[in-house]
**Q** 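Got a structure for you, written out below as structure tokens; questions coming shortly.
Note that the structure is predicted; figures quoted are calculated from it, not measured. By convention in this document, chain letters (A, B, ...) are assigned in the order of the sequence lines, proteins followed by strands, and residues within each chain are numbered from 1.
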Amino acid sequence: MSDEKVRVRIAPSPSGNLHIGTARTALFNFLFAKKMGGEYVLRIEDTDLDRSSEEYKQNIFDSLKALGLNWDEGPDVGGNYGPYKQSERFDIYPKYAQMLIDKGYAYECFCSNEDLDKEHEIAKENKVPYKYSRKCLNLTEAEKAELKAKGIKPSIRFKVDYKELIFNDLVKGELKFDTSLIGDFAIMKSNGTPTYNFAVVVDDMLMNITHVIRGEDHISNTPKQILIYEALGAKVPKFGHLGMILAPDRSKLSKRHGATAVSDFIKEGYLTDALLNFVALLGWAPSDGVEIKDVDAIAADFRINELSSSNSIFEYEKLNWMNGQYIKKMDISALTDLALPFLNMYDTNKYTRKQLEHIIEITREPITLLKDLVFDTQYFFETPNYDEVKELLNSELSKDVLEKFRQDIENYNLDDYEDIHNKLADFRTYFKEQKGYKPKETMWAVRAALTGRTKGADMAAIIQLLPKEEIINRLNIVKAL
RNA sequence: GCCCCCAUCGUCUAGAGGCCUAGGACAACACCCUUUCACGGUGUAGACAGCGAUUCGAAUUCGCUUGGGGGUACCA
């Protein structure tokens with residue numbers, strides 16, 4: 001074992017918002033670095049200028065930060081191996097490409113897209129796997145000069161020779177490839193920018209990356225990349241390929257299945273801690289069976305070689321449950337900070353901060369998403385619409401109960417929860433003993449009158465929070481129904 | 001088509017030859033608790049894809065089949 005410092009990276013391409021799958025890859029890299037006492041770097045892979053945007057890049061930054069997956073080195077924080085954006089590194093790739101040409105590992109290719117398309121077509125017609133024809137492999141200097149004189153800009157291809165390539169994947173174990181099946185692939189585009197496979201290798205090499213942990217959609221890129229490392233005379237990092245996250249129909253997780261971007265989940269009211277915890281469980285299992293754990297605890301228990309090598313399906317049920325668990329346990333002040341933006345359609349100024357926290361406190365229990373609060377807290381901010389409970393309120397029982405409640409409420413000490421709670425208990429007992437009303441029936445009448453609902457938070461707490469004039473007002477509205 | 005990866009309850013998974021009449025979590029269902037919804041508690045139902053081989057013994061090893069996923073670009 002070498003004693004070199006572990007360095008991992010997460011290398012998203014800013015062609016979309018941060019995907020939940022990328023977030024999981026980032027998490028596993030983060031966990032591995034943490035566990036190994038290593039460094040975790042963020043690199044933006046924007047070699048495809050057309051598909052990259054500043055907006056997506058910002059979304060990636062924001063989402064990663066929201067999740068707490070902060071990087072040790074990256075485009076914004078810098079580091080000793082920058083720049084960390086491939087578009088700012090365009091001057092360094094051609095040097096290495098030229099080096100490969102000089103050493104005979106690569107060559108210039110003047111084929112046009114049309115030429116290449118034709119080759120693809122022919123291969124398809126003959127039902128034979130496509131491989132580049134190597135038409136440009138043996139061009140003479142004179143021929144190349146002539147082509148260049150015509151203004152044709154060459155791409156650069158890596159010359160792939162036959163070889164059986166074996167590497168030991170951190171999560172999958174031994175993987176074998178026959179490189180004779182791989183055609184000579186491009187490493188530099190004719191426009192002078194590097195292709196993905198080349199840029200990754202050059203950057204990972206220059207940034208001293210020791211472990212490449214990524215999705216298994218990159219497995220087939222790995223042999224190409226190893227070939228490049230070897231040609232460059234660089235040390236090949238260790239690779240670990242994670243199973244993919246699939247939608248419930250086993251297809252790729254996409255927008256039509258619901259949220260896919262971390263920022264979408266946050267908008268719906270998922271807590272980042274819950275999201276992270278849930279996604280960690282896709283492929284990783286705690287050794288003590290306790291599934292709810294913070295990142296530090298997960299990192300302490302993290303072993304990359306014990307990750308599951310199969311794909312996993314993203315189901316919302318467990319995420320929702322977990323989110324509910326986090327909401328229930330979260331510090332109330334912090335939770336209120338997160339919840340308030342979801343309540344911006346209401347005039348929250350009606351209440352003090354303390355009262356708002358109290359409202360959140362008593363309504364948090366049954367919810368799974370922060371946005372559920374919109375409905376569940378509505379009656380604190382708006383006079384209810386009684387359509388749903390009209391029938392209930394018009395029953396003899398309810399009229400009877402509310403008649404007494406209207407009188408009793410005058411004797412409640414509305415500042416004192418205990419007093420309200422006890423008086424309500426007596427109230428129930430009274431109707432049970434005198435009229436045989438079930439406790440829940442008695443409470444339904446009160447609840448319906450005050451909230452327009454048959455379910456909701458603790459009644460005593462609601463009475464304590466609602467302004468007295470609003471209670472009277474609602475009682476009067478109901479009476480007139 | 002060709003190459004590669006994967007395969008335990010509906011889902012996430014535990015399981016690294018006998019500890020497995022396969023364990024946990026979510027979801028489902030039932031009951032209990034209860035001022036409602038919920039939370040919590042208790043319990044029920046639910047899986048080793050199929051076939052061969054190795055072995056005294058296989059969910060665990062090997063092979064084939066099937067199924068799913070990925071790749072096959074001058075996209076990343």
**Q** Below 6.0 angstrom between ring centroids: does that apply to A/Phe278 and A/Phe314?
**A** yes
**Q** Students often get this wrong, so: under 4.0 angstrom with heavy atoms, is A/Leu116 touching a base, only sugar-phosphate, or nothing?
**A** base
**Q** At under 4.0 Å between heavy atoms, what does A/Arg157 touch on the DNA or RNA strands: base, sugar-phosphate, or nothing?
**A** sugar-phosphate
**Q** In whole angstroms, how far is the C1' atom of B/C75 from the CG atom of A/Asp48?
**A** 6 Å
**Q** Can you say whether a donor on the side chain of A/Ser220 sits under 3.5 Å from an acceptor on the base of B/C3, or the other way round?
**A** no
**Q** What contact category does A/Ala199 fall into here, base, sugar-phosphate, or nothing, at under 4.0 angstrom with non-hydrogen atoms?
**A** nothing
**Q** May I ask you to say whether A/Asp249 pairs ionically with A/Arg256, meaning some side-chain N is under 4.0 Å from a carboxylate O?
**A** yes
**Q** With a non-hydrogen cut-off below 4.0 angstrom, is A/Glu125 in contact with a base, only sugar-phosphate, or nothing?
**A** nothing
**Q** Using a 4.0 Å heavy-atom cut-off, does A/Thr47 contact any base of the nucleic acid, only the sugar-phosphate backbone, or nothing at all?
**A** sugar-phosphate
**Q** Should the pair A/Arg303-A/Asp301 be classified as a salt bridge under the 4.0 Å nitrogen-to-oxygen rule?
**A** yes
**Q** Looking at every strand, decide which applies to A/Phe177 at a 4.0 Å heavy-atom threshold: base, sugar-phosphate, or nothing.
**A** sugar-phosphate
**Q** The side chain of A/Ala186 lies closest to which of these nucleotides: B/G24, B/C6, B/C74?
**A** B/C74
**Q** Counting only side-chain heavy atoms from C-beta out, which of B/C39, B/C4, B/A27 sits nearest to A/Glu317?
**A** B/A27
**Q** State whether A/Lys318 and A/Glu291 are salt-bridged, where the test is any N-O pair (Lys NZ or Arg NE/NH1/NH2 against Asp/Glu carboxylate O) under 4.0 Å.
**A** yes
**Q** Answer with base, sugar-phosphate or nothing: what part of the nucleic acid does A/Ser13 contact at a heavy-atom distance below 4.0 Å?
**A** sugar-phosphate
